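Quick notes on the structure that follows.
Every value quoted in this text rests on a predicted model; they were computed, and no experiment measured them. Chain identifiers are assigned alphabetically (A, B, ...) following the order of the sequence lines, protein sequences preceding nucleic acid strands; residue numbering begins at 1 within each chain.
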Amino acid sequence: MDLSVLNDMQKRAVLHTEGPLLIIAGAGSGKTRVLTHRVAYLIEECGVKPWNIMAITFTNKAAQEMKERIDHLVSDGADSVWVATFHSSCVRILRRFGDRIGYSSNFTIYDTEDSKQVIKDICRLQNIDTKIFKEKMIMAAISKAKDTLTGPEEYLEENMGKFGVDRIAGVYTEYQKRLKKSNALDFDDLIFKTVELLEKDPEVLKYYRDLFRYIMVDEYQDTNMAQFKLVSLLAGEGGNVCVVGDDDQSIYKFRGANIENILGFEENFKGAEVIKLEQNYRSTQNILDAANSVIKNNSGRKDKRLWTDNGTGETIDFRRFDQSFDEAYFVAKDISDRVSAGESYSDMAVLYRTNAQSRGFEERFVSLNIPYRLFGGVNFYSRKEVKDLLAYLKTIDNGDDDLSVKRIINVPKRGIGATTISKIEMHAASRGITFFEALEKADEVGIGRARDKILSFTSFIYSLRAQAQDISIKDLLDKVISGTGYVAELEEEDSDEAKARIENIEELISKVADYEMNTSEPTLSGFLEEVSLVADIDSFDENADYVAMMTIHSAKGLEFKNVYLVGMDDGLFPSYMCITADDPDELEEERRLCYVGITRAKKHLTMTSAECRMIRGELQYNAVSRFIKEIPKTVFGEQRIPESAIGKTERRASDTEKKIKAKEVFKAKPFEAKQFAVKGDVTLDYGVGDRVSHIKFGTGTVLEITSGGRDYEVKVDFDDVGVKKMFAGFAKLKKV
DNA sequence: CCTACTACGCTTTTT
DNA sequence: GCGTAGTAGG
């Protein structure tokens, strides 16, 4: 096997196959290369069976990338390597053995919004004043407990005497009871319950320990205690566990990530080898100098210093503007200029601290005709219309899922109101049956007018459930849409909003079609699971011709030739919250975030700041971020505000003028923006009669192309599998 | 039982 | 400033 592409440290990491190994991998130091080569080396040179290797990542995108790269390196069996995220690994384990701890294999996964709904409901029933005990705060407490593998009883014991613990513990207990009854698990449960299963069932533990002889964990600095426990259980004493991480890139402490996992690895896994990767292959020395000089202000980190032989490179731009308006204009103009000079949109990214900052840039990009795509923000699958339709599918898949049934019982409106629903709820609670079962017994409950409506709802679900086995998921969804009249109702409304919702539904349909096309054994549970565990950033495509816009959090693991790190204002980044907090750790986490942001840049980094900007409808005046001041002047170029960026007048605008101007900027809604960005995506380089190839179906001839709104539906006659219809945007057909 | 209005809440969020 | 969720009135 060819290891000559690796440097000495990388080689050492690849060759160290037995026993625990910690790889401290600085940003851009080629950790994915090390991991993939290590997998390949195990298979090709050490005779390890591919199915005995497990690689865990945090995002689907990282898992996908790793799979592809392993596939390129090994001759055979790459498919059998278990490469998956923490959560989907746990789902796979629980689908198979979850019955041993009381979950049937078609369990539903609750997202944050679902959980909140359940918590809200419980608070109502337990007469908890949600003004004092906010749902969010209760959820955070429960989530934190689960991250540390603390069940409701232990939670109560451990926090005895603290304010409101009895009440939170009460909600926690009831919450778990409900989830169990609904055959549902939340994100935290997926890990927690898997650990529970492995601890309680030696047979299952042995099974997986024998299976996963070599375990690799990516982004180890972001693991929480439950995930640590999971890895420890699977690895066993002196197991072959290799973790890769960078303590300087730990930015998810607020979500329970425990930096101690990486700092204390050598104590937890005795005899661990530690290898540091400090050579950076991504950025210029100037960019690394900036990153190093910021991060060195943190205490309690593993000592390391990134270096590169890429050369000094261009200087870093820093610009301070009067207003966020000017900042956005400058970035848009700069991108335009660079593209005119021959650079590509796909090489640009605008990174910011908070999602709300994207607006101003969207506005400018639209007016200058710059294609862009937003990542993060409101998740596609959390849109109301999408959630409604998914709730139908969930109800069909798992009738015990009370939450989904309640969500759709009167959506679209079918005359089943709050009084009826609460009667059903009470009946269900008193009999200890599920909400859906109580619906079937409408006669027992003594419902008057709504009786027939309820029974027609249940029989609708029954009929779909009966068909679910025989028809495709796409057809099932079509039947839900036609049977409920969901889209028809929106069509009647005939507003822009309704149109946008219909478009989202169409997109959902293509996602179902895409799933069925690219999965070997598509199932309804499988689809719903994929949907629950997918993140917006997973669809990031580095070659697509648009400017990527996202939070710095989302950008972790990505790289761009040109990075615009915007909003470098004290109070925004670092955030006001962490400046005022007494906990210095929070500022350190923010500094790590800045380090992550800077190190995303390969060639050119631009940082911008504005003296005043509109935040939550209020004008705020901020100083330049303290992080900028930590960077030595030598890496910066000339720092000035170009005339073009502030329009014709260079005099300072008065406060009133600023307010008016800012208002105008925020008034405009960039509504068409997304559509225009998607359009750029779906241009076909083939036509009817052309020969094309598909990842799964092989090669074939294009029979027909029909334009279905934003995407094209392509009919292809494949040589091996016959005629198939698919959406061009998802099928990724290539002309041959 | 449904619609219209008001009030609140808003860092980051791989899953 | 904006979107959603909860409540009051029809």
- prompt: What string of B, S and - do you get for nucleotides 7-13 of chain B 5' to 3' if you count protein non-hydrogen atoms under 4.0 Å?
  reply: ---BBBB
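- Using a 4.0 Å heavy-atom distance criterion, A:Lys384 is classed as making no nucleic acid contact.
- A:His553 has its ring centre less than 6.0 Å from the ring centre of A:Tyr252.
- For the pair A:Lys511 and A:Phe380, the cation-pi test (distance below 6.0 Å, angle within 45°) is passed.
- When all heavy atoms are compared, the tightest approach of A:Asp222 to A:Ala257 is O-CB, 3.4 Å.
- Below 30°, between 30° and 60°, or above 60°: for A:Phe365 and A:Phe361 the angle between ring planes is above 60°, a perpendicular geometry.
- If you check every strand for non-hydrogen atoms under 4.0 Å, A:Asn410 touches sugar and phosphate atoms only.
- We find that CD of A:Glu219 is positioned 13 Å from P of B:dT14, with the value rounded to whole Å.
- Where A:Gly415 and A:Phe86 meet DNA chain B, the nucleotide closest to each residue was compared, and A:Gly415 sits on the side nearer the 5' end.
- A:Asp222 comes within 4.0 angstrom of a base, heavy atoms only.
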List every contact pair, protein side and nucleotides 5-7 of chain C side both N or O, where the distance is under 3.5 Å.
residue, atom, partner, partner atom, Å
C:dG6, OP1, A:Lys120, NZ, 2.8

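- Among the atoms of the strands shown, only primed sugar atoms or phosphate atoms (P, OP1, OP2) are found under 4.0 Å from some heavy atom of A:Thr419.
- Ring centers of A:Phe540 and A:Phe560: under 6.0 Å apart, within the cut-off.
- Annotated as anti: B:dT12, whose glycosidic dihedral deviates from 0 by more than 90°.
- Using a cut-off of 4.0 Å between Lys/Arg side-chain N and Asp/Glu carboxylate O, A:Asp114 and A:Lys394 are scored as salt-bridged.
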field: Working for side chain to side chain contact (heavy atoms under 4.5 Å, CB included), residues A:Ile56 and A:Trp82
entry: CA-CA 8 Å; A:Ile56 316 178; A:Trp82 179 303; 5.9 Å; no
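- For the pair A:Arg359 CZ and C:dG3 P, the computed distance is 6 Å after rounding to whole Å.
- A salt bridge does not link A:Lys253 to A:Glu586: none of the charged nitrogens lies less than 4.0 Å from a carboxylate oxygen.
- With salt bridges taken as basic N to acidic carboxylate O contacts below 4.0 Å, none links A:Lys413 and A:Glu489.
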